[in-house]
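Residue numbers start from 1 in every chain, and the chains themselves are labelled A, B, ... in the order their sequence lines are given, proteins ahead of strands. Values below: all heavy atoms of this structure, side chains included; hydrogens, waters and symmetry mates excluded.
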Amino acid sequence: MLILECPCCGVKAEETELSPGGEAHLKRFGPGSSDEEFEAYMFARKNPKGVHFERWRHAYGCGKWFLAARCTATLEVFGTYPAQTSEPPADIVAKIKAKRPDWKGYK
Amino acid sequence: MSEPVSALGGATHQGFATIREIGPLGMITLRAKPDVKGLAAAVKAVTGTALPAQRRIEVNGDRAAGWMSPDEYLLILPYADVAAGLAALAAKLKGEHHLAVDVSDARAVFRIEGAKADQVLAKLSPVDLARLEPGELRRSRAAQVAAAFWKDGEGYTLVSFRSVAGYVMGLLTHSAQTGSELA
Amino acid sequence: MKRYSVFAIAREALRYHQGWERAWKSPEPKKSYDAIIVGAGGHGLASAYYLGKNYGITNVAVIEKGWLGGGNTGRNTTIIRSNYLQDPSAAIYEKARALYETLSQDLNYNVMFSPRGLLMLAQTHHEVRGYLRTVHANNLQGVSTEWIGPGRVKELVPIINIDGPRYPVLGALYQARGGTARHDAVAWGYARACSAMGMDIIQQCEVTGVTQSNGVVTGLDTTRGHIGCKKLGIVVAGHSGQLAEMAGFRLPIEAVALQALVSEPIKPCMDVVVMANTVHGYMSQSDKGEMVIGGGTDGFNNYTQRGSFHHIEETLRALVETFPMISRLKMLRQWGGIVDMTGDRSPIISKTPLGNCFINCGWGTGGFKAIPGSGWAMAELMAKGEPGPLAAEFSMWRFKEGQFIDESVAAGVAH
Amino acid sequence: MSTRLARGGRLIDRGAAQEFTFNGKRMKGFKGDTLAAALLANDQMLVGRSFKYHRPRGIVASGAEEPNALVNMGEGGRFEPNQRTTTTELFDGLTATSQNHWPSLEFDVGVVNNYAARFLPAGFYYKTFIHPRAAWKHLFEPIVRQSAGLGKVPKDRDADRYEQAYAFCDVLVAGGGVAGLQAALVAGRAGARVILLEQAPHWGGRAPVDGVEIDGKPAEAFVEAALAELSAMENVTLRTRCMAFGVYDHGYVLAEERVADHTPGDGRPKKRLWRIRAGRIVSATGAIERPLSFAGNDIPGVMLASAVRDYVVNWAVSPGDRTVVVTNNDDAYRTAIALKEAGLDVPAVIDARPNVTGDLPAKARALGIRIETGSAIVKVKGSKRVTGVAIGLQAGEGAAREEIACDAVAMSGGWSPVVHLWSHCGGKLVWDEAAAHFRPDAARPPITHDGSAMVIAAGAANGALPAGECLADADRAGAEAAQALGMKPKKAKAPEAAAPAEARMEPVWIMPQGAGPALRMKMWLDYQNDVKVSDVQLAAREGYTSVEHTKRYTTLGMATDQGKLSNINGLAVLADSLNAEIPQVGTTTFRPPYTPVTIGALAGESRGDIFQPLRRTPMHAWHEAQGAYFEPVGLWRRPYCYPRAGETHEQAVHREVTNTRERLGLLDASTLGKIIVKGPDAGRFLDMLYTNVMSSLPVGKCRYGLMCNEQGFLSDDGVVARIDEDTWLCHTTSGGADRIHAWMEDWLQCEWWDWKVYTANVTEQYAQVAVVGPNARKLLEKLGGMDVSREALPFMQWADGELGGFRCRVYRISFSGELSYEIAVPASEGMAFWKALNDAGAEFGAMPYGTECLHVMRAEKGFIMIGDETDGTVTPLDLCLDWAVSKKKADFLGKRGMQRTYLANPERWKLVGLETLDGSVIPDGAYAVAPGVNGNGQRNTEGRVTSTYYSPTLKRGIAMGLVRRGPERMGETVEFPKVGGGSVKARIVSPVFYDKDGEKQNV
């Protein structure tokens, strides 16, 4: 039963107020993309056992989407940040690196 | 035009707290970013209140303005004044990107009153009510449906969707039964 | 291998059971094998078993990070059914179900397959149409299912409330030869039979790398040294992503938690398996008398084997409404498993970009019931190097082409 | 015999006698008794039968760890199986019956299993019942099932109600013994919001029973003072009868409060589930005593030494007149002393240790109690009740040197901390060699959301068993919890508990040490599931060497007590069999709940009317009053049809179709989703969302649109109206409104966040009515107020206005092929408007119609229905809706997905009409067959029916379906086999069966 702080309204929401939305920072491929690119956009997922960046919506709340950095093996949350970001913010990356020195970094 | 009827026609229940369905209230959903020019004045024109800050509700008699999300406000006013309110918003925000719609009929509103009113809500919402500040509007859920509420005098005002008014009344009634006080 | 029988028990009883031999050996790994299967869960062990039984390949090691049968094989709700809608699914699940019928005799190990019958309740008109579609499809697929009305449902499940005010039971999809089996026994039985064929089951051995030469697999680095192999089968469910990464490819897989629970045991009251998909709950009664209850999956990636409790609550709400008598029973134990979900929620039994490396994964919430069929198909793929008809449609390249095997289109969900 | 003592009993009120029955026998107890205490007071030691061998079972423990004393309790709607008597409070009128026997507790036929026990070792069923194949299901399994199962099946619907509540705190303290009280005091004084939970109805735990002195006073005085101080703190909440049964991620704790369990029928909820979110959890859950494994240790009358002490001190009940104490530690001497002080006989203490030196044994000796050192019970005598023990050397092989007559045995194998709450979320354990137990490893705690330690173990639960250490440890734990949350604990001296010095215990896993197989087959580890030392040894011999294998193979620890007594002993026997150290063998996983939790409490308030939210339209009550037959659509219930007296549902539907086609039908369409989309980029946005172009839609007009997911599969459809220059109103399907609104917001927030678009879901703002049929315009004209003529309001346009005094918006759209208006009015006027339409429409033949009529009419017109023609794998092109899929737009959601090879394959099944050759109706869900079979022997197929109805208009069966290359095969015949034999042949035709040119809707 996770708690994530919604960066849009500041509520420390519990999991039942949220809906999960899968991996964050996916790049959309539309018409004109190759089969491989489109397949990767639709299906290839990092699915890491460890640090993960993912989408959440504060569904029973302000209704906004936001992103979270979370460990899938311990459920530790490193931070949440606005959905309008195309890659993890530097401060969150730094925080993760401090806590998990052997983390290979985003990408 | 017929007389507007609230979802439950003003149903009430007396348990260890008092539950009343009230309304219909006039309600306008206003979507705009806080930095939109003239927004504060527009809200003031409709509710007579300041533009609410994050998670706040500014109350002014039977009018109020609540912060719903970074680009959404809920304006509350007498039911009959909605059209005028919408007109005022249209006039004040002309040319600015915004959306204002009448949602008076899409909502049901309840009052939960009494010294133990918080115990009724504590059975339904995953919210730390002891830390809910006066004038704070909390959007959450009541059991299985969305709800927004704030503390108002000795009690709470709770807003839900109209279609589930019967369900919400059922929840509140169940939770307020005499003998099931939490303390 | 000493055969198990009532006579063997009697013989042993006279000497206080001191003469039983190990069910499976626990050898040191050899330098190399003709084939290695990574993962000694039901699917991995069954793959090895049918490699030996069907193709005579017995120079095989099954490598397991923890203890055999310790993953989802030992933490599911033991339901066996094959009433799937799509042809490829119906084929492999029916193959599995048919193999389950004689598995105890094949393995000389009682896996307690109990074809007690399985019902999927229809509680909306939409669900009725979905199940009628499944019945028609099954009829052409050689899967024996039927549509039954509410009266017959009540006869089969006396404790059900068919007149629930909210979701009355409108009928059910009934598979009379569906049922349950003892989950641990399936893994143990296969392990014992593999060991008897001379295969090595190596527990407490973690794979740390996949070695290859010119795009063809050559072996594994493990916590117990390098082990060579001519062919490699990866059958590790929730950890498929990690193994695939070692082998240098990516999978359309996400790992999420699925939960289940049992009640305290009570005397027999329900002799069939009941699934109610509208309200997301399913329940059967074990031989010990526990009500075995399955819940939903979380929507986020999770490797902790702990799910979110609200899914348990949702399931129980639904079941209390459907079976009012359970409200005064008590939840005895709840647990989670990590399931591997693909883009279409159907499994992958496939060649991979790495030569002679094969993968069997993505069974999601439906793995236990498939074990014998999955092993059968995987063995064929590994032995021949090409998929047979059972595995043909489950290629990992289907996602690129958009050729889904989507079971969610029927009202039934893939539990 | 067991009996009530004349004096004492700190928890009972002798002034309040209470009557109850056990197996129909009337018995008496006192307020404050547990059911177990009261049964013992009435000399009822035999209380049940074991799971497998049906052996007689007596009360063993005095708390949640009890494996045996489970009963059926109550009657009718308050019947409850497997009720644990040791934690059940006695009340007047309680009824209980024993479990798992036939015909009676005293004489149980199932005990035959006991005589065959030698043939039924662990795992015997894996090795037998293999042949013949059908015998398992039809012969063996039914026998196994019937003899297992413990409690009876409840028959009636639950008469009680349940509820749930949320609570929040900084520090949750689980356990109200002296450790929990002290931790709560420290945290509370530091200013933390504290919740302190105790499972029992009273505070203090073991300390008062064990005669502990704190700061020179009896423990009771400390408990009283602590409670007084805690009660006075505003920031502390105290709750008894409330068991914290599970720790979940991020500080989430579930607890079950027994609100009215002991006062049934008083109107309060039976139980309440607490969902507590805590910053830190202090686990002060104490420790549980372990049994010793000696032959016959399961015979009724053999009990835990601490339980014997509890019964004497707390409830003034003596389990026996002559009690032999058997132990490997000093603590059990407290029991010998307590018994002696209560005037009872203790013939001997059998101590496995060769040297016995502690203060407590010295005191026992001083009281004249005989102590046999280096000794063991080699066998307990008796069957349904202990009659004596044979003793011998612990170091020996089981030769008896003496028999001692007794009617009870108090055993102690040492103590195990209750580590469940520590372990539920992954806290690790360390093996404490001296105390021979696992305790929490503070270096490897379970972590919470920020990576810090979530649980802090305190007192005995942390392995600090002696009273002095226990209090000091709890003091530390309370301070640590407060500090971790940024609070400053007040400097205060921790109270000091004085306790006699205890000599080291000595692990004894079987007794005597050299016992042979015959004795080991009589040493029980798991009383309820009948797992013996020999079973664990057998599992090890057969290679089930992982602790999880052993547990599952033998069923050790899987009974309703979840191995609270048996796990460590079993583990030690396994380790010994494997020649391994205990910590190498490890432990099984601890999973919630700590003790079984009532399912009703987990379901909470969600039963009956509030099982799920039911969404009602403003006209719902009218439909109910008219006797509509409803169907669930999402969380709505919509009228399926309005049957009249004597009509079947099918007849009603046919009447509604005919009436609507010929006269006038009214449909409550309020559930249709309505979403406003507004902004300078709204047109561009809708062009991405819909497969067709919406930006070009003129103001005042309507256009039907399709939405796909990124895969290219159809997900929703509906009519879009352009309201003004930058505002559109999108209708969605009834089930789709919330999903589509969320879908829009997802794209706007996460992909095109720089686009200027706002959305608002206004579905519930409006009641919407479809007025359909040749008389539709007449009705609206009669109501009057706006011009609804063909010229003023042509097909696929909308207008705002007033009808019959109602403010409304009128759309000229049709889903039936008839002249049709959809009219939206504010929801609060919906009922009045609906009634007005019905009243005014009477003269035009107006009748309400339901969803099934709607389905039939749209099928007659060949209109697709999301969920019927689509199932998540169907593209708009499959449905021949090419006209609604823009070829000009460079991009829209789903465009790329549709270009994939499999979706672009010309062999795909496509939508056609199907006309049966004999006029019959194709069965729902039928498939069209093609010649031959596939590689798996399955019959080849070439299509399937998607909608199939009897058309009352055309008086024949009509259908739509997806058929391979269907539209190229007009006029061909395809065959649909029926389940159970026979088939229906149908001709491929256009899906539009009725009014092919659309003349009727465009009048």
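Taking the charged nitrogens against the carboxylate oxygens, K33(B) and D71(B) have no contact shorter than 4.0 Å, which rules out a salt bridge. The existence of a salt bridge linking K12(A) and D128(B) is excluded, since no basic side-chain nitrogen approaches an acidic carboxylate oxygen closer than 4.0 Å.
Note: S69(B) leads A147(B), S69(B), S125(B) in heavy-atom pairs under 4.5 Å with chain A.
Contact of Q144(B) with chain A is made through the backbone alone, with heavy-atom distances under 4.5 Å. Both the backbone and the side chain of R141(B) come within contact range of chain A, with heavy atoms under 4.5 Å apart.
Nearest heavy atom pair, residue L137(B) against residue M68(B), reads CD2-SD, 4.0 Å. Closest non-hydrogen pair, L124(B) versus S175(B), comes out as CD2-OG, 3.6 Å.
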